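The structure appears below as structure tokens.
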Protein chains: 2
Amino acid sequence: MQSLDNNALRKAMSARGLKVTPQRMAIYGALLSAGGHPSAEEVFGAVRRVLPNVSFDTVYRALLSFTELGIISVHEAGGKKRFDPNLAGHHHLHCMRCNRITDFHSPELDSVKLPPQAGKGFQVLSMRMTVEGICSACSAKNRGRNGR
Amino acid sequence: MQSLDNNALRKAMSARGLKVTPQRMAIYGALLSAGGHPSAEEVFGAVRRVLPNVSFDTVYRALLSFTELGIISVHEAGGKKRFDPNLAGHHHLHCMRCNRITDFHSPELDSVKLPPQAGKGFQVLSMRMTVEGICSACSAKNRGRNGR
DNA sequence: TTATTATATAGGAATTATTCTTATTTGTCA
DNA sequence: TGACAAATAAGAATAATTCCTATATAATAA
Ligand SMILES: [Mn+2]
Ligand SMILES: [Mn+2]
Ligand SMILES: [Zn+2]
Ligand SMILES: [Zn+2]
């Protein structure tokens, strides 16, 4: 998983006039350590273990700022935002039952070009495939109850 | 745009034990007439012109039911759900500024297969590419103010 | 180092989208 | 037609996100 080291993180922030605060450093670190695609609430929980007085709003705003900087990305799933520090180009499996999001890589997908008439004047920032379905854990649960 | 006629709609509902109510029929119709990828609020506004006493909750629940039936789809964008009656396989451009969602078609994308290790035990229901960026209208706005 | 100042933060309130509750109504099926 | 599970309207409740304001702090320049 490709992400920024502390130095590159500081640089990314100051390059855009954002102050380098202990909160922001810790929040990025917490996002990494949380693993997967955590919600703001989950990142908040993780940061709290390092900075017990950080506020939820600060965490939320920092995550949105990071997104603006383009150093993380965000997905909306299950009615909430999920944050993703993985800078490597990749795609996602999204379970409609438990809302778990899993990465996958596909050189084939990455090389697809947009039909030219599609993006007429549209400035592309990212392209990602989202595969919706039911994860194996959730299918397993049902097997016991319903059948299938 | 591929969608259901009244008859197919009735059939889809009763096939799954859902009652065919005037509200549901009107809500589906309103979703079609609203055009594009309306929010629940927007569909509500459209239905109201036909059934002035329908409640927001009824609209919202109907849209979720339709999604479960698989006769419409949902996208989360800009913090809210956006509903899509277009049954034809297609993909989306999503403007990060105004949250406008635009369809595009791509046989190339549709033919891409998942890397086999990706969906290990994952039951795929749909695959769609989301292209994020800035639409031409939003870029135009900025040209006046900032430059770019 | 110190003073200056634009930003950022904590804490809590407000807002917005979504979901729930309850009393009443209505499709569906026998 | 009659029984009844399911659906609806209306409004309350909840959950996620955003806003407000007083205080604190990182960055910058002297
Ligand atoms: Mn990811
Ligand atoms: Mn569409
Ligand atoms: Zn799952
Ligand atoms: Zn736009």
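Since this is a predicted model, take the numbers as computed values, not measurements. Protein chains get the first letters and strands the later ones, always in sequence-line order, with residue 1 at the start of each.
For residues 27-53 of chain A, no pair satisfies salt bridge (Lys or Arg N to Asp or Glu O under 4.0 Å), with sequence neighbours left out. Residue pairs that meet the salt bridge (Lys or Arg N to Asp or Glu O under 4.0 Å) test with at least one member in residues 12-32 of chain B, sequence neighbours left out, do not exist here. Sorted by first and then second residue, the pairs that involve residues 113-132 of chain B and meet salt bridge (Lys or Arg N to Asp or Glu O under 4.0 Å), not counting sequence neighbours, are R128(A)-E132(B), E132(A)-R128(B). Within the structure, every pair that satisfies the salt bridge (Lys or Arg N to Asp or Glu O under 4.0 Å) test and touches residues 60-88 of chain B, not counting sequence neighbours, is listed here: D57(B)-R61(B), E76(B)-K81(B).
A8(A) meets the side-chain contact (heavy atoms from CB on, under 4.5 Å) test with L4(A), D5(A); sequence neighbours excluded. Partners of S3(B) according to the side-chain contact (heavy atoms from CB on, under 4.5 Å) rule, which considers only residues two or more places apart in sequence or in another chain, are M1(B), Y28(B), L32(B). For A15(A), the side-chain contact (heavy atoms from CB on, under 4.5 Å) test picks out no residue, with sequence neighbours left out. For F44(B), the ring pair (Phe, Tyr, Trp, His ring centres under 6.0 Å) partners at least two apart in sequence or on another chain are F56(B).
Of the residues near DNA chain D, G79(B) and R48(B), the one whose nearest nucleotide (by heavy atom distance) lies more toward the 5' end is R48(B). Between F56(A) and K80(B), the residue whose closest nucleotide on DNA chain C is further toward the 5' end is F56(A).
Among the protein residues, L51(A) comes within range of no part of the nucleic acid, since none of its heavy atoms lies under 4.0 Å from any strand. Heavy atoms of L63(B) sit nowhere under 4.0 angstrom from any nucleic acid atom.
Ring to ring, H105(A) and H91(A) are not that close: their centroids are 6.0 angstrom or more apart. For H94(A) and H75(A), the ring centers are positioned 6.0 Å apart or more.
Under the 30°/60° scheme for interplanar angles, the aromatic rings of H92(A) and H37(A) are found to stand perpendicular.
At distances below 3.5 Å, at least one donor-acceptor pair connects side-chain atoms of N86(B) with backbone N or O atoms of Q2(B). A donor-acceptor contact shorter than 3.5 Å is absent between the side chain of T58(B) and the backbone of V54(B).
In this entry the distance linking CD of E76(B) with C1' of dA17(C) reads 11 Å, nearest Å.
In summary, contact between chain A and DNA chain D, defined as any nucleotide atom under 4.0 Å from a heavy atom of the protein, begins and ends at dA16(D) to dA27(D) in the 5' to 3' direction.
Of the residues in residues 37-45 of chain A, none has a non-hydrogen atom less than 4.0 angstrom from any atom of DNA chain C.
Rounded to 10 degrees, the angle between the two end axes of the helix from dT1(C)-dA30(D) to dA30(C)-dT1(D) is 50°, with five pairs used at each end.
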(request) Take nucleotides 20-30 of chain C nucleotide by nucleotide from the 5' end and write B, S or -, depending on whether a protein heavy atom sits under 4.0 Å from the base, only from the sugar-phosphate, or from neither. (result) B-----BBS--
